[in-house]
Amino acid sequence: MHDIRLIRDDPQGFDAALARRGLEPVAAALITLDERRRAAQTELQTALARRNEASKAIGAAKAQKREEVAAALMAEVAGLKETIPALEDAAREADTALEANLAVIPNLPAPDVPAGADESDNVQLTIWGDPREGDFPEHPEFAGPLGLDFESAAAIAGTRFAVLKGGIARLHRAIGQFMLDRNVADWGYTEVIPPLLVRDAAMFGTTQLPKFAEDSFRTTDDRWLIPTAEVSLTNLVREKILDEGELPLRFTALTQCFRAEAGAAGRDTKGLIRQHQFEKVELVSITTPEASEAEHERMTRAAESILEALGLPYRRMLLCAGDMGFAARKTYDLEVWLPGQARYREISSCSNCGDFQARRMNARFRPAGGKPELVHTLNGSALAVGRTLVAVLENCQESDGSVRIPDALRPHMGGLEALTPA
RNA sequence: GGAGAGGUGGCUGAGUGGUCGAAAGCACCGCACUCGAAAUGCGGCGUGCCGGCAACGGUACCGUGGGUUCGAAUCCCACCCUCUCCGCCA
C-alpha cells in the first residue's frame, strides 16, 4: 500500500516509477479521489463541530433555565441532523474508494531495478557451480522406482499432487530439516511453526488480497490456506510497535504451502515443479528502513549458501521491474540448474518489500526517543523443498539409476549415501 | 458446543450521559540538580484531517458498524476479537 501523501508530493515521480512496471499513470486519479475524500471529511467535521457547539450551548442554557434559548438551539441541531448522515456517507465512501484504488497498485521498483517487461529482461548477476551437460532425464521419468508416485496422488486428490514414499520421502524430509537447521544455526533466524490457516486481514497485509484471491484456497469457515509462510511470518508483527533495539527480527519456518495455480493450466504439468501443495522453508526479516537493503543481500546469501552446501549449480537473477511480484521493490531470484530440462529454474525468490506491507499491517517500530515509523519487511525462500528435491534428483543421478545423496544431507538420512531404485 | 468476563493512549489502568482526547502510574524526551550517574523536581509526550511560513489553532477518533439522545468512551443492538470455567478432542 502506498502513502497517498507521498503520491500527492510527487505525482510525476510516482507515475514514472509505475511506468517502469508497464502500468498507466494513476496519480492524477488518486489525487482527485483524495481531494474528494478530504473535502468530504472537512465538510462533515464542520457540521459536527457546529452540532457540538450548539449542544454545549444547550447544556449551558438549560443549566440557566433559559428554556426558550435551548429550544431554539435544539431546532438548529435538528436541522443539522438531517444533513449529517449524508455527509457521513459521502466521507466514508470517498475513504473507501481511495483505499480500494490504492490497494491494487503494486509497489514501486527500487531505483537500481532494471527496466523490462518480463523474465527475458532479468539480469544475471552471479553464477555458481558447474552445470552437468548432456542428455539427462527429467525426474518424473526415473523417480518412480525411488518412491515418487503421481498416479496414486491423482486418484486421491487430482492433478498437481504427489505421493512420496520410502527413500524419496525421507530425502524430502531431510532437505527440509537441513535447510531449517542452516537458517537457524548459520544465519540466526528464529524457527517458527505458524498457522497454516489465516484470516483475510493477514492475507491483505502481505498483499495476497484483494487482488490475488483466486490464487489461494479458501476454507469453509472463511479462512485461507497460506500460499507461503511469508503470510504468517510477516503478520507476526502486524499492529505492533517494536522497539528499535529488537530489530532486525528474523523468522524461518518449514511449512506446507497451498496454491490454486488458477492461471497455470498447461504449465509444468509433469513432475514436482508446480503443485497445489508443497513444502517451503521461508525466511522473513523485519528491519528498520536503513537496514533493509543490507538485509536483502544477507538473506539472499543465506539462500545461496544452501544451494552451495548441496553442490547445486545456480545463478542469481535481478528481476526487472515488469517481472517483480506485487509487493516487492527489489527481488533476487535464485535459479537452480535442472539437467533434465537443461535450464535454470526458480528455486528461491528473495524480495525487499520496503514499507509496502508494513503500511497494510500497521507494523511499526519506535526509533530511540522518536515517533513510530513503519518497519521494512523482506521475505525469501531458503528454499522450496520440492524443487530442491527435483534438483538433487536430477543433478545427483548416477548412470546406474541411483541418486547420490549430497554430503550435507547424509546426517539427516542416517548416513545413507544413495537412493537406489526399488 | 455451554456459561461468564472483557476490549480506553507505547504499557498498566481510572472513567456509566455534557466541563473527557480522556485521571494516575510506568516508559520515553527536554530542563534543573550533579564532576558524572542514580534519585528527585519541573515541563513535554497519540493519530488523521483542515487552516497557518511557523509557533500554534480548530476538528474527529476510547474494538468495528448501526441505534437512542440536543449531546455517547459512558445507554441499546449486531458483529469481530481476547480471556476464564465446563464439555469434547490430537
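Excluded from the calculations below are hydrogen atoms, water molecules and symmetry mates; all remaining heavy atoms, backbone and side chain alike, are included. Chain naming here is simple, since letters A, B, ... match the order of the sequence lines and numbering starts at 1 in each.
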Run the side-chain hydrogen bond (donor to acceptor under 3.5 Å, both in side chains) check on Thr252(A) and Trp187(A) step by step: do they pass? CA-CA 10 Å; Thr252(A) 186; Trp187(A) 296 91; over 6 Å; no
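Rounded to whole Å, the P atom of C76(B) lies 14 Å from the corresponding atom of U16(B). If you take atom C1' in C29(B) and the same atom in C45(B), they sit 7 Å apart, rounded to whole Å. Separating the C1' atom of G71(B) from that of G87(B) is a span of 47 Å, rounded to the nearest Å. Separating the P atom of A32(B) from that of C11(B) is a span of 31 Å, rounded to the nearest Å. With P as the reference atom, G9(B) and A3(B) are 30 Å apart, rounded to whole Å. Taking atom C1' on both U12(B) and G67(B), the two are 33 Å apart, rounded to the nearest angstrom. Comparing G18(B) with A24(B), their C1' atoms are spaced 23 Å from each other, to the whole Å.
Side chains of Lys330(A) and Cys350(A) form no contact here, defined as non-hydrogen atoms less than 4.5 Å apart.
Contacts of Ile241(A) with the nucleic acid, taken as non-hydrogen atoms under 4.0 Å apart, involve only primed sugar atoms and P, OP1 or OP2. Within 4.0 Å (heavy atoms only), Arg364(A) reaches no atom of the nucleic acid at all.
For Glu214(A), the CD atom counts as densely surrounded, since its 6.0 Å shell holds more than 12 non-hydrogen atoms of other residues, nucleotides or ligands.
The distance between atom CG of Leu73(A) and atom P of G71(B), rounded to the nearest whole Å, is 13 Å. What separates CD of Glu244(A) from C1' of G10(B) is a distance of 15 Å, to the nearest Å.
For the pair Arg92(A) and Thr46(A), both in contact range of RNA chain B, the more 5′-proximal nearest nucleotide belongs to Thr46(A).
When both pairing distances are held under 3.5 Å, C61(B) makes a Watson-Crick or G-U pair with G46(B). In this structure C75(B) sits in a base pair with G67(B), meeting the Watson-Crick or G-U test at under 3.5 Å.
By the 4.0 Å N-to-carboxylate-O rule, Arg37(A) lies too far from Glu99(A) to be salt-bridged with it. Between Glu304(A) and Arg316(A) there is a salt bridge, since at least one side-chain N of the basic residue sits less than 4.0 Å from a carboxylate O of the acidic one. A salt bridge is defined here as a Lys NZ or Arg NE, NH1 or NH2 lying under 4.0 Å from an Asp or Glu carboxylate O, and Asp9(A) with Arg5(A) fails to meet this definition.
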Can you pull every protein N or O that's under 3.5 Å from an N or O on nucleotides 49-52 of chain B?
{"residue": "C50(B)", "atom": "OP1", "partner": "Arg38(A)", "partner atom": "NE", "Å": "3.0"}
{"residue": "C50(B)", "atom": "OP1", "partner": "Arg38(A)", "partner atom": "NH1", "Å": "2.1"}

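Side-chain proximity of Arg51(A) to C80(B), A72(B), G18(B): nearest is A72(B).
Checked against a 6.0 Å centroid threshold, the rings of His376(A) and Phe356(A) do not count as neighbours.
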